[in-house]
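Side chains included, hydrogens not; waters and symmetry mates left out as well; all remaining heavy atoms used. A, B, ... follow the sequence lines: proteins, then strands. Residue 1 opens every chain.
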Protein chains: 2
Amino acid sequence: ALYFGISRSGETSEVVMAMEKARTSGKGSFISVTAEAKSRLALKSERVIVFESAKEKSVVMTKSFTSMLFGVQLGILNTISHPDMDLIREEFIKTSEKILSTARDWTEETLKRDYKEIVFLGSGPLYGIACESALKVREMSSSLTSAYHTLEFRHGPRASLDRDSLVVVLLSDSAREEELKVAEEIREIGAQCTVIGDKIDNGISIGSGLNEFLRLVFYMPFAQYFGYYRAIKRGLDPDMPLNLTQVVKI
Amino acid sequence: ALYFGISRSGETSEVVMAMEKARTSGKGSFISVTAEAKSRLALKSERVIVFESAKEKSVVMTKSFTSMLFGVQLGILNTISHPDMDLIREEFIKTSEKILSTARDWTEETLKRDYKEIVFLGSGPLYGIACESALKVREMSSSLTSAYHTLEFRHGPRASLDRDSLVVVLLSDSAREEELKVAEEIREIGAQCTVIGDKIDNGISIGSGLNEFLRLVFYMPFAQYFGYYRAIKRGLDPDMPLNLTQVVKI
């Protein structure tokens with residue numbers, strides 16, 4: 001088996017323990033992805049991918065998450081010699097420049113209201129992005145947030161929605177039509193609903209032209225800005241969240 | 001591949017669609033678990049396990065979830081001719097009789113306070129039970145609830161904890177010591193924390209003597225009672241949750 005161990009500090013206990021187990025059992029080899037070349041994780045793994053750019057002072061992972069995610073994605077694409085690599089790189093850079101101001105405008109507009117709960121929905125690879133988004137907002141602004149698979153949300157979790165809920169739907173390619181219906185149902189209940197998709201009329205358009213796997217990282221600045229500015233609005237320090245430390249050890 | 005499709009009504013769109021796909025591709029066979037012998041799911045699956053006892057009028061699955069979970073577990077044990085089957089059945093019946101009043105007493109005591117968020121934590125097989133518990137309370141009482149892997153909770157989600165949070169830790173066998181430390185950290189933050197384990201001093205004891213896989217179902221009545229009585233306290237009808245229907249169709 002081939003394992004990927006991802007840890008900004010390279011010292012997260014659970015990841016280091018998993019790596020040590022894989023090493024001593026001899027049943028797998030470990031590739032670590034980290035910002036720290038001299039960490040326990042990096043020094044003991046068979047292979048290491050070090051992202052210098054992933055270093056950050058903030059307790060909450062933002063720059064480190066997006067740079068490691070994009071770096072690993074690019075690495076995989078390079079491995080399989082993707083024919084459209086030059087085009088992908090070009091679209092990626094163009095979209096990067098644009099998405100930060102889009103996300104900031106949305107945040108400014110959306111923060112005019114207070115919300116009792118903020119919910120992120122995503123399908124397939126976007127489910128992970130929905131979880132990370134909910135986590136960022138929770139960590140920075142000490143808010144109540146949730147993440148669910150988009151269609152799963154209809155099977156129960158939406159029971160708590162009302163006019164004080166904000167739902168952000170991260171639109172995929174593979175289930176786009178069904179997801180738009182879920183957004184419509186959420187609006188009928190009376191909750192606030194923002195849809196972020198690649199090319200979309202009634203919502204926020206990323207406009208990258210990239211498929212759902214390649215554009216994953218562009219959904220993140222919305223939650224990152226939202227958490228940051230909501231924290232400031234609530235009188236909290238987004239760089240020093242409550243109850244957290246930079247490196248988590250058992 | 002062998003698929004299990006579980007649906008109380010046997011009409012849940014996603015499960016029926018998955019079953020039809022498995023049938024037409026010819027690449028897998030489908031065992032359905034349902035309360036309705038004449039449902040689309042049951043009629044089109046290769047094999048069907050019908051739990052008559054799983055029928056219920058309530059929109060929120062409670063009786064149906066626990067009876068199907070226990071039934072499937074017993075079925076698996078029977079298949080592998082477990083040597084302690086008689087003992088397990090005996091312990092199971094004894095614990096069943098006892099757990100309902102334990103859960104009811106805990107609910108009555110805990111509901112004396114209001115909470116802004118209720119969090120359920122579980123590891124391994126208990127993570128699923130934590131998710132189901134959070135869902136029950138959300139559905140019945142329109143409350144804000146979350147579920148996380150117990151150790152994962154330390155990696156960020158706990159940022160939102162304060163004196164108005166209730167955390168319920170479902171204690172496993174395999175990570176018991178680490179989980180008890182997580183509970184201790186939660187108490188230090190000042191949040192309310194209940195630990196439910198099989199044999200435990202500082203918390204609620206199920207006392208079944210069964211391992212973590214066999215006693216899964218006994219963690220459920222706590223969330224089920226809590227959701228039910230919290231709904232009544234908030235003036236809601238737990239049998240008719242907001243924004244939900246009994247059968248979910250696309």
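- A salt bridge is defined here as a Lys NZ or Arg NE, NH1 or NH2 lying under 4.0 Å from an Asp or Glu carboxylate O, and A:Glu179 with A:Arg176 fails to meet this definition.
- Of residues 114-134 of chain A, those residues lying under 4.5 Å from chain B by any heavy-atom pair are A:Lys116, A:Glu117.
- Tested against B:Trp106, the residues B:Phe226, B:Tyr219, B:Tyr225 include a single ring pair (Phe, Tyr, Trp, His ring centres under 6.0 Å) partner, B:Phe226.
- Using a 4.5 Å cut-off between heavy atoms, A:Glu185 does not touch chain B at all.
- One distance of note links CG of B:Leu242 with CD of B:Glu139; it measures 11.5 Å at 0.5 Å rounding.
- Environment of CZ in A:Arg234: crowded, with over 12 heavy atoms of neighbouring residues, nucleotides or ligands closer than 6.0 Å.
- The closest side-chain donor-acceptor pair between B:Glu56 and B:Thr62 falls under 3.5 angstrom.
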> Could you walk me through whether A:Arg8 and A:Lys55 pass the side chain to side chain contact (heavy atoms under 4.5 Å, CB included) check?
Replying inline: CA-CA 7 Å; A:Arg8 177 174 61 180; A:Lys55 285 186 188 173; over 6 Å; no
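- Contact annotation for A:Thr245: neither backbone nor side-chain heavy atoms come within less than 4.5 Å of a heavy atom of chain B.
- For A:Leu161, the parts lying under 4.5 angstrom from a heavy atom of chain B are both the backbone and the side chain.
- Between chain B and the options A:Glu188, A:Glu178, A:Glu14, heavy-atom pairs under 4.5 Å are most frequent for A:Glu14.
- The line from OG1 of A:Thr66 to CG of A:Leu216 is 12.0 Å long, rounded to the nearest 0.5 Å.
- Of the atoms belonging to A:Ser146, it is side-chain heavy atoms, and not backbone ones, that fall under 4.5 Å from chain B.
- No more than 12 heavy atoms of other residues, nucleotides or ligands lie within 6.0 Å of CG in A:Asn202, so this atom counts as exposed by the packing criterion.
- Note: A:Gly156 leads A:Gly156, A:Ser141, A:Ser143 in heavy-atom pairs under 4.5 Å with chain B.
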>> Go through it in stages, so that I can follow the logic: the residues are A:Ile31 and A:Ser45, the test is side chain to side chain contact (heavy atoms under 4.5 Å, CB included), and I'd like the CA-CA distance, side-chain angles, deciding distance and then a yes or no.
In response: CA-CA 6 Å; A:Ile31 297 181; A:Ser45 296; over 6 Å; no
